[in-house]
Structures are given as C-alpha cells and as structure tokens.
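For the numbers below, each heavy atom of this structure counts, side chains included, while hydrogens, waters and symmetry mates do not.
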Amino acid sequence: MSEVGRPVVCPAWCRGCGPNDPMHRGFLATVGRERTGWVSLQLLVDRFVRREAAIKLDATRYGMNQTVLLSPGQVDRLVEELAQARRLMRAPVGRAGEGR
C-alpha cells in the first residue's frame with residue numbers, strides 16, 4: 001500500500017520490488033570477464049515518488065564491490081563518454097612507420 005492508502009502497482013518492467021522495498025528495480029545488465037571484474041547496471045525508481053529515478057552502478061573486482069547511484073545528468077555524461085570511447089576503439093589504428 002502507498003502512503004495515501006492506495007495499492008502500489010508495479011510497472012511491467014519491475015523485477016524484484018517487494019512489499020517493504022521502496023524502489024522498483026528493473027533493466028538489470030551485467031558485463032565483465034572472470035578475473036577482471038564485473039559492472040552491473042540497474043534502473044531504480046522510487047515507488048512513492050520521493051526521489052527521482054537513478055541508475056545503480058555496481059562495480060566488482062577481485063571480490064570487492066563499489067555501488068554508486070547515478071542521477072539522470074550523470075547517466076547522460078556516462079553514455080557520452082562511453083560513446084566517445086567506442087568511437088576511439090573503432091577508429092583505424094595507424095601502422096608503425098607511417099607518416100615518414
């Protein structure tokens with residue numbers, strides 16, 4: 001039940017919201033490799049609209065975990081930085097000795 005007495009209906013994408021959990025959780029994605037660590041992203045939305053939507057970022061390396069909540073502005077910046085890194089990774093690499 002919500003604070004005003006109406007039941008809280010989860011959106012279709014919600015995965016893992018419980019009766020005592022104030023957050024809808026969905027869009028879980030995990031990337032990484034053994035021995036180098038994992039990065040998990042999850043969308044969190046306050047069921048009672050006390051806070052804005054956030055992305056929960058968990059980074060795990062060698063058994064240690066660090067969690068960060070990203071605001072929409074921080075998510076935009078992260079996406080831009082990742083897109084720029086992808087463009088640089090896809091750019092052709094010059095061969096040694098070129099330009100002589």
Could you list the donor-acceptor pairs under 3.5 angstrom formed by side chains in residues 81-93, with sequence neighbours left out?
unit_1 : atom_1 : unit_2 : atom_2 : d
Gln84  : OE1    : Arg87  : NE     : 3.4
Gln84  : OE1    : Arg87  : NH2    : 2.8

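Side-chain contact check for Leu57 versus Thr67: every heavy-atom pair is 4.5 Å or farther apart. The side-chain heavy atoms of Ile55 and Gln42, taken from C-beta on, include no pair separated by under 4.5 Å. By the 4.5 Å heavy-atom criterion applied to side chains, Leu70 and Leu78 are counted as neighbours.
Under the 4.5 Å side-chain heavy-atom criterion for ILVMFWY residues, no single connected hydrophobic cluster contains both Val68 and Met64. Both Leu41 and Val31 belong to a common hydrophobic cluster when Ile, Leu, Val, Met, Phe, Trp and Tyr are linked at side-chain heavy-atom distances under 4.5 angstrom.
In this structure, Asp76 has no side chain to side chain contact (heavy atoms under 4.5 Å, CB included) partners at least two apart in sequence or on a different chain.
In plain terms, the two heavy atoms of Asn65 and Ala59 that are nearest each other are OD1-O, 3.1 Å.
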